[in-house]
Engineer: 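First the structure, then my questions, so here it is.
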Amino acid sequence: MPELPEVETLRRDLSVLVVGERIRRCEVRLPRLVSCPGCDAFCSRLRGSVIQGVRRRGKYLILTLDNGWEWVVHLGMTGSLLVAEEGSPEPPHTHLVVHLSPPRLIRYADPRTFGETAVVPAGDYSALKGLAQMGPEPLERSFTPRKLARALDTPTRIKPALMDQRRIAGIGNIYADEILFRAGIEPLRPANSLSEEELRRLHSSIRDVLREAISKRGSSTSDYVDASGRPGSFQDHHKVYRREGMPCPSCGETIRRTVLGGRSTHWCPRCQR
DNA sequence: ATAGGCCTGACG
DNA sequence: CGTCAGGCCTAT
């Protein structure tokens, strides 16, 4: 899916494009993607409200409405939210259309349909377990090396631990690999085996990689596009992700790939220990 | 910790 | 045909 940098890019786009807009009506074409209330309640809670702001929590987008509800969107693996106009070409797999002041609209497209959307009472995320249990935001000031150490106080392997949303919010498969490369840490290491020095390095790597990716508007390796349908460019700066067999940009050693926790994992056996 | 399931599509 | 794909949940 869109990971933290892609969702943050989308958040910024949407704050410019749709804040202040009134929702006129909505079409749910694939009710399966609308969790909890069912699509009648979903649409009636959206209809007539004004979008007041757009927040991000981990990989979730939260649109605050002026009627006491919040519209929550998770893009799964291949979801996109596109702000467009009536009559413009509709992307394949458009499962939800939210109409704003004509001719503007928001389209939610998602080929693999792993996404999820809901309207919930403001601040009440009990219906969305992933959101309710979300760990600390890595880009907030309060995310210190100490907090990272607490999140990683487990003997499980560091890479799956980094991707565990209850431990740290927003890191997925691409950024876990890129972060561990930058920190010089092997993905198989037990999470609680890091020295103070390694923890500090990992802490800055997390923040540096995520911030750089946001400044490049995210990674587009397959489906991801921003709210205007444009790809990001951070994929051009990946050092290890999907680079199996290619030389490490830092030492020239061949990048390796294995499977960890069911996910493709890429690393440099010389730079990462 | 791992495998499988949810889905569709691209590629070899 | 098989393998792989920014996620996440369940069962073993």
Side-chain angles (χ1 to χ4, degrees), chain A residues 1-11 29-36 56-61 72-81 91-96 108-118 125 127-135 138 154-181 187-192 206 209-210 212-214 216-226 230-245 257-266:
Chain A
M1 133 180 221
E3 306 180 30
L4 186 151
E6 291 76 34
V7 180
E8 178 61 22
T9 301
L10 215 42
R11 185 196 69 75
R29 300 183 192 162
L30 190 60
R32 180 159 64 68
L33 296 183
V34 178
S35 65
C36 40
R56 179 191 58 73
R57 186 78 176 89
K59 303 173 190 174
Y60 286 84
L61 272 176
V72 180
V73 182
H74 190 291
L75 297 169
M77 196 86 108
T78 52
S80 54
L81 273 183
H93 308 286
T94 297
H95 304 307
L96 169 69
Y108 172 36
D110 184 0
R112 289 177 72 183
T113 68
F114 290 172
E116 180 182 26
T117 188
Y125 306 124
L128 300 160
K129 226 172 113 202
L131 182 51
Q133 299 184 37
M134 189 66 64
T154 165
T156 60
R157 291 177 296 202
I158 183 82
K159 157 140 186 196
L162 274 183
M163 291 177 62
D164 183 341
Q165 302 300 297
R166 293 164 303 185
R167 299 184 182 281
I168 306 168
I171 299 173
N173 203 38
I174 292 180
Y175 295 106
D177 281 3
E178 293 298 319
I179 286 165
L180 288 170
F181 173 78
L188 293 140
R189 289 272 300 279
N192 61 6
I206 290 173
V209 168
L210 294 177
E212 240 180 88
I214 292 169
K216 298 279 189 292
R217 303 187 56 78
S219 301
S220 297
T221 59
S222 52
D223 302 78
Y224 172 74
V225 287
D226 68 19
R230 285 187 285 261
S233 64
F234 192 67
Q235 67 281 4
D236 302 336
H237 302 268
H238 291 172
K239 305 260 205 273
V240 289
Y241 182 73
R242 287 214 202 171
R243 298 193 71 246
E244 182 190 15
R257 172 183 174 275
T258 188
V259 175
L260 235 52
R263 309 302 299 275
S264 211
T265 298
H266 315 76

Engineer: In sequence, state the C-alpha distance, the side-chain angles, and the governing distance for A:Thr156 and A:Thr154, and then conclude on side chain to side chain donor-acceptor pair (under 3.5 Å).
Structural biologist: CA-CA 5 Å; A:Thr156 60; A:Thr154 165; 3.1 Å; yes
Engineer: Under 4.0 angstrom, heavy atoms only, what part of the nucleic acid is A:Asp110 near: base, sugar-phosphate, or nothing?
Structural biologist: nothing
Engineer: Taking only side-chain nitrogens and oxygens of A:Ser222, does any of them come within less than 4.0 Å of OP1 or OP2 of B:dA10?
Structural biologist: no
Engineer: Between C:dC8 and A:His74, is there an OP1 or OP2 to side-chain N/O distance shorter than 4.0 Å?
Structural biologist: yes
Engineer: What distance, rounded to whole Å, do you find between the two P atoms, one in B:dA3 and one in C:dT3?
Structural biologist: 14 Å
Engineer: Classify the nucleic acid contact of A:Glu116 as base, sugar-phosphate or nothing, counting any heavy atom under 4.0 Å across all strands shown.
Structural biologist: nothing
Engineer: Show, in sequence, the C-alpha distance, side-chain angles and deciding distance for A:Glu3 and A:Tyr224, and conclude whether the side chain to side chain donor-acceptor pair (under 3.5 Å) test is met.
Structural biologist: CA-CA 10 Å; A:Glu3 306 180 30; A:Tyr224 172 74; over 6 Å; no
Engineer: Do you know the tightest heavy-atom contact between A:Pro111 and A:Thr78?
Structural biologist: CD-O, 3.3 Å
Engineer: Whole angstroms only, please: what is the CZ-P distance between A:Arg263 and B:dT2?
Structural biologist: 15 Å
Engineer: Counting just side-chain N and O atoms, does A:His93 come under 4.0 Å of either OP1 or OP2 of B:dC7?
Structural biologist: no
Engineer: For A:Arg112 and C:dG7, is the shortest distance between a side-chain N/O and OP1 or OP2 below 4.0 Å?
Structural biologist: no
Engineer: Give the minimum heavy-atom separation between A:Ala169 and A:Gly135, together with the two atoms involved.
Structural biologist: CB-O, 3.5 Å
Engineer: Calculate the interatomic distance between A:His95 atom NE2 and B:dT8 atom P; express it in whole Å.
Structural biologist: 9 Å
Engineer: Select base, sugar-phosphate, or nothing to describe what A:Ser220 touches, counting heavy atoms under 4.0 Å on all strands.
Structural biologist: base
Engineer: With stacking defined as ring centroids separated by under 5.5 Å and planes differing by under 30°, is A:Phe114 stacked against B:dC6?
Structural biologist: yes
Engineer: Assign each of A:Gly130 and A:Thr221 to its nearest nucleotide of DNA chain C by heavy atoms, then name whichever residue's nucleotide is nearer the 5' end.
Structural biologist: A:Thr221
Engineer: Tell me: CE of A:Met77 to C1' of B:dT8, nearest whole Å?
Structural biologist: 11 Å
Engineer: Heavy atoms from C-beta onward define the side chain here; which of B:dT2, C:dG7, B:dC7 lies closest to that of A:Arg32?
Structural biologist: B:dC7
Engineer: Using atom P of each nucleotide, how far apart are C:dG2 and B:dG5 to the nearest Å?
Structural biologist: 14 Å
Engineer: Measure from the side chain of A:Arg242, starting at C-beta and using heavy atoms only, and say which of B:dT2, C:dC8, C:dA5 lies closest.
Structural biologist: C:dA5
Engineer: Can you check the A:Leu260 CG to C:dG7 P distance for me, whole Å?
Structural biologist: 14 Å
Engineer: Could you measure between the two P atoms, the one in C:dC8 and the one in B:dG9, and give it in whole Å?
Structural biologist: 22 Å
Engineer: First locate atom CD1 of A:Ile171, then atom NZ of A:Lys59, and finally report the distance between them rounded to the nearest 0.5 Å.
Structural biologist: 9.0 Å
Engineer: Between A:Lys129 and C:dC9, is there a side-chain N or O to OP1/OP2 distance below 4.0 Å?
Structural biologist: no
